[in-house]
Participant: 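Starting off with a structure, shown below.
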Amino acid sequence: MAAVNYVAQAEKVIKSLIKVKTYKNKNGEIVEKKEIYLTTGQIRKFLSIMNSIGNKVSIFKAENPEENKLPDELVEEIQYMRIKLIYQAGREKSVKEFLEKSELDKYIQKIGNSVKNFNIVFRYVEALVAYHKFYGGKDV
């Protein structure tokens, strides 16, 4: 993922998750309701994990300003984050759809030990959360 297109990609992903429900209201009028079945809580779990790792990356970079490769401990935490993501996708259909459309697992794998790649993926997750909220994601 190029650094410049993660915002557009995030918006595209969230828009693709919007489902239109058609129903009749109490007056018998046909009404359309747009919803995103992925909840804010589900998507923020990923951001929370990313924030935790991001804080450790920031500390690492402050202590090692010239270093562009993450230490093995942080690479392991990133890989563990993938496991949590896959587990949640297996438990919840809306998370699975989100994972597939966002290609988040693929991008996390590409982080490897690169500080730059981590930061791009981190910003991508932030953009996904922001667009989810902007387009009316449920807070449940």
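Note that the structure is a prediction, hence the values are computed from the model and not measured. Any value given below was found using the heavy atoms of this structure, including those in side chains, with hydrogens, waters and symmetry copies removed.
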Participant: To the nearest 0.5 Å, how far apart are CG in D105 and CD1 in I86?
Facilitator: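 Interatomic distance, D105 CG to I86 CD1, rounded to 0.5 Å: 4.0 Å.
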
Participant: Is there a side-chain contact (heavy atoms from CB on, under 4.5 Å) between L38 and E97? Walk through the geometry before answering.
Facilitator: CA-CA 9 Å; L38 180 72; E97 181 183 12; over 6 Å; no

Participant: Let's go through R82 and Q79 carefully: what are the C-alpha distance in whole Å and the side-chain angles of both, what is the deciding distance for side-chain contact (heavy atoms from CB on, under 4.5 Å) to 0.1 Å, and is it a yes or a no?
Facilitator: CA-CA 5 Å; R82 283 188 59 224; Q79 292 306 306; 3.1 Å; yes

Participant: Tell me the closest heavy-atom pair linking V20 and K34, and the distance in Å.
Facilitator: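 That would be CG2-CG, 4.0 Å.
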
Participant: How are the rings of F46 and F98 set relative to one another: parallel (under 30°), tilted (30 to 60°) or perpendicular (over 60°)?
Facilitator: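 Parallel.
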
Participant: Do the non-hydrogen side-chain atoms of Y131 and K15 ever get within less than 4.5 Å of each other?
Facilitator: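 Of all side-chain heavy-atom pairs linking K15 with Y131, none is under 4.5 Å.
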
Participant: Using a 4.5 Å cut-off on heavy atoms from C-beta on, say whether the side chain of Y124 contacts that of L104.
Facilitator: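 Yes, their side chains come closer than 4.5 Å.
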
Participant: Might you point out which heavy atoms bring E126 and L47 nearest each other, and give the distance in Å?
Facilitator: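 So the two residues come closest at CG-CD1, 3.6 Å.
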
Participant: For G54, does its backbone N or O pair with a side-chain atom of S58 as donor and acceptor, under 3.5 Å?
Facilitator: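 Yes, because the side chain of S58 sits within donor-acceptor range (under 3.5 Å) of the backbone of G54.
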
Participant: Are I49 and Y107 connected into the same hydrophobic cluster when the rule is that any two of I, L, V, M, F, W, Y join if their side-chain heavy atoms are below 4.5 Å apart?
Facilitator: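 Shared cluster, yes.
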
Participant: Once rounded to the nearest 0.5 Å, what's the spacing between atom CD1 of I78 and atom NZ of K56?
Facilitator: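 Spacing of CD1 (I78) from NZ (K56) equals 10.5 Å.
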
Participant: Looking at every heavy atom in both K61 and E67, which two are closest together, and how far apart are they?
Facilitator: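 Minimum heavy-atom contact is NZ-O, 2.5 Å.
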
Participant: Assess whether atom NZ of K19 is packed by more than 12 heavy atoms of other residues, nucleotides or ligands within 6.0 Å.
Facilitator: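 For K19, atom NZ is crowded (more than 12 foreign heavy atoms under 6.0 Å).
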
Participant: What I'd like to find out is whether the side chain of E103 reaches to under 4.5 Å of the side chain of Q9, using heavy atoms alone.
Facilitator: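 The answer is yes, as the side chains (C-beta and beyond) meet within the 4.5 Å cut-off.
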
Participant: Heavy atoms only: give me the nearest V13-S102 pair and the separation to one decimal.
Facilitator: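 Taking V13 first and S102 second, the nearest heavy atoms are CG2-CA, 3.7 Å.
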
Participant: What distance separates F122 CZ from I108 CD1, expressed to the nearest 0.5 Å?
Facilitator: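 Reported value, rounded in 0.5 Å steps: 12.5 Å.
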
Participant: Shortest non-hydrogen contact from I111 to N117?
Facilitator: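 Of all heavy-atom pairs spanning I111 and N117, the closest is CA-CB, 3.7 Å.
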
Participant: Kindly check if the number of other-residue, nucleotide or ligand heavy atoms within 6.0 Å of CZ (F134) is above 12?
Facilitator: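 Count not over threshold, so no.
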
Participant: Could you state the interatomic distance from NZ (K101) to CG (L17), rounded to the nearest 0.5 Å?
Facilitator: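 Interatomic distance, K101 NZ to L17 CG, rounded to 0.5 Å: 5.5 Å.
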
Participant: Rounded to the nearest 0.5 Å, what separates atom CD1 in I30 from atom OG1 in T22?
Facilitator: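 One gets 7.5 Å once the value is rounded to the nearest 0.5 Å.
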
Participant: Do I18 and V129 belong to the same hydrophobic cluster, where Ile, Leu, Val, Met, Phe, Trp and Tyr are linked whenever their side-chain heavy atoms lie under 4.5 Å apart, directly or via other members?
Facilitator: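 Yes, because I18 and V129 connect within a single hydrophobic cluster, where side-chain heavy atoms sit under 4.5 Å apart.
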
Participant: So, for L74 and F60, which heavy atoms are closest and what is the spacing to 0.1 Å?
Facilitator: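 For L74 versus F60, the nearest heavy atoms are CD1-CB, 4.3 Å.
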
Participant: Would V121 and Y6 count as a side-chain contact (heavy atoms from CB on, under 4.5 Å) if you check the C-alpha gap in whole Å, the side-chain angles of each, and the deciding distance to 0.1 Å?
Facilitator: CA-CA 8 Å; V121 173; Y6 67 85; over 6 Å; no

Participant: Passes side-chain contact (heavy atoms from CB on, under 4.5 Å), Q88 versus Q42? Steps please.
Facilitator: CA-CA 8 Å; Q88 288 298 326; Q42 291 165 325; 5.8 Å; no

Participant: Rounded to the nearest 0.5 Å, how far apart are CD1 of I36 and CD1 of I14?
Facilitator: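 If we round to the nearest 0.5 Å, I36:CD1 and I14:CD1 are 6.0 Å apart.
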
Participant: Under a 3.5 Å cutoff, is there a donor and acceptor pairing between the side chains of N25 and E29?
Facilitator: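 Yes.
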
